[in-house]
Amino acid sequence: MIKSIFSEADIERLRRIVEENSLFVLTCHAGPDGDALGSTLGLAHYLTALGKEAVVIVPDAYPDFLAWMPGSQEVVRFDKHREKAELMLAMADVILAMDYNALSRVDDMGPLIGNAKAVKVLVDHHLQPDAFCDLSFSFPQLSSTCEVVFRLVVAMGGFEVLTKAACECLYAGMMTDTGCFSYGPCTQELYIIISMLMQKEINKDRIYNKVFNNYSEGRLRMMGYVLYKKMRVFPEYRASLITLSREEMRRFDFNKGDTEGLVNIPLQMKGVYFSAFLREDTEKDLIRVSLRSQGTFPCNKFAARYFNGGGHLNASGGQYLGTLQEAIRVFEEALAEFNKP
Ligand code: 5GP
Ligand code: MN
């Protein structure tokens with residue numbers, strides 16, 4: 001069994017909140033990834049098994065390669081079904097803020113969550129959470145929000161109640177947030193957790209294939225194009241940069257989520273420890289920034305200083321208001337300045 005990392009008082013408060021309420025609305029950050037969708041759905045399955053009503057609301061679309069997750073078809077998209085989502089947020093007894101640390105990360109849902117009368121509980125692993133919740137489970141030292149969820153369920157004595165469907169969702173988030181257990185905090189206890197999930201007969205190979213061997217032809221060709229034509233390497237800074245314009249995405253029949261993971265690829269190169277990916281947003285007039293590193297290069301500081309963002313040491317993001325060309329220039333100058341001795 002794994003050790004509880006929570007205070008007994010916090011677990012008791014959570015247990016009470018679960019016991020005394022009936023409508024739970026689970027929310028995650030815009031551009032939901034495997035951990036965001038996995039943690040909200042995983043916890044929703046658990047709450048449903050306890051006889052609660054649990055609704056997952058996401059700010060916008062999640063990628064196709066997550067559509068296999070049990071319960072994903074019932075997820076409410078805020079950008080598509082705003083009225084329904086607003087009603088659920090207003091009616092909720094409890095709102096769970098999962099896999100995000102600030103209301104700015106849920107776009108237009110932010111003020112609605114902030115003003116809702118519900119009890120708010122944060123479940124997350126990002127650094128420096130804002131204080132917008134009544135109860136907070138923030139664990140930046142853990143691999144994923146899914147790991148926090150699993151540990152919470154176990155600490156509340158709920159392991160027996162966890163269904164296979166819940167475990168599949170939770171496993172997916174742990175797998176995607178650690179690049180298949182190759183970076184981030186992959187502790188001994190994380191592997192114990194995986195073995196506990198396997199007790200529930202999850203098929204981890206099937207989950208891997210659903211997520212990683214499920215690309216569209218366009219996506220694979222886009223990867224080839226980006227690496228062949230668009231990747232720049234800066235050996236003196238042990239860094240690389242890839243960029244994509246809207247027009248290029250259109251050319252490859254871009255689907256939401258198709259750029260996910262692209263930023264990790266240049267790190268496979270010998271001598272590259274920092275990878276940046278700048279792309280035009282498909283809807284808004286801004287540039288999305290994704291940063292990844294190996295070792296001690298602080299992506300989060302770089303994102304905060306130059307791109308109005310933040311995140312983890314090895315995986316961060318941000319945005320730039322301006323054109324792609326301007327963002328590229330900012331990046332080049334930032335690279336030189338940041339690496340000054
Ligand atoms: P991605 O590159 O996948 O969009 O983001 C990687 C990580 O960077 C996210 O898990 C999140 O921790 C962080 N991140 C992305 N965008 C932002 C942002 O605008 N602000 C902050 N504080 N963190 C971000
Ligand atoms: Mn996460």
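Counting convention: from 1, in listed order, for ligands and their atoms alike.
Using a 3.5 Å distance cut-off with no hydrogens or angles, the side chains of Tyr306 and Glu333 do not pair a donor with an acceptor. Side-chain atoms of Asn314 and Ser293 form a donor-acceptor pair, as typed in the model, at a separation below 3.5 Å. In this model, no donor atom of one side chain and acceptor atom of the other lie less than 3.5 Å apart for Glu147 and Ser144. Between the side chains of Thr27 and Tyr100, at least one donor N or O sits under 3.5 Å from an acceptor N or O.
Classification of the His312-His125 ring pair by plane angle, with boundaries at 30° and 60°, yields tilted. Aromatic ring orientation, Phe139 versus Phe6: perpendicular (interplanar angle above 60°, classes split at 30° and 60°). Ring geometry for Phe274 versus Phe331: interplanar angle of 30 to 60°, hence tilted.
Atom 7 (C) of ligand 1 has its closest protein heavy atom at Ala315 O, 3.6 Å. The protein non-hydrogen atom at the shortest distance from atom 19 (O) of ligand 1 is Gln319 NE2, 3.3 Å. Of the protein's heavy atoms, Gly310 O, 3.4 Å lies nearest to atom 13 (C) of ligand 1.
Cation-pi check for Lys84 over Phe78 is not met; the charged atom does not lie both under 6.0 angstrom from the ring centroid and within 45 degrees of its normal. The cationic group of Arg251 lies under 6.0 Å from the six-membered ring centre of Tyr225 and within 45° of the ring axis, placing it in a cation-pi geometry.
For the side-chain hydrogen bond (donor to acceptor under 3.5 Å, both in side chains) test with Arg288, the passing option among Asp281, Thr282, Thr259 is Asp281; the others fail.
Residue Gly317 has at least one N or O atom closer than 3.5 Å to an N or O atom of ligand 1. Residue contacts with ligand 1: His126 is placed with a nitrogen or oxygen under 3.5 Å of a nitrogen or oxygen of the ligand (distance criterion only). For ligand 1, the polar-atom distance check finds an N/O of Arg292 within less than 3.5 Å of one of the ligand's N/O atoms. Residue-to-ligand polar distances keep Val289 apart from ligand 1: every N/O pair is separated by 3.5 Å or more. At a 3.5 angstrom cut-off on N or O pairs, Ser290 counts as close to ligand 1.
Atom numbering of ligand 1 starts at 1 in the shown order; those under 4.0 Å from a heavy atom of Gly318 are 16 (N), 19 (O). Residue His312 approaches ligand 1 through these ligand atoms, each under 4.0 Å from one of its heavy atoms: 12 (O).
Put simply, part of Arg105 is less than 4.0 Å from ligand 1, judged by heavy atoms.
Rounded to the nearest 0.5 angstrom, Met174 CE and Lys204 NZ are separated by 14.0 Å.
At a cut-off of 2.8 Å, measuring from the Mn ion (ligand 2), the protein N, O or S atoms that fall short of it are Asp35 OD2, Asp99 OD1, His125 NE2, Asp177 OD2, waters left aside.
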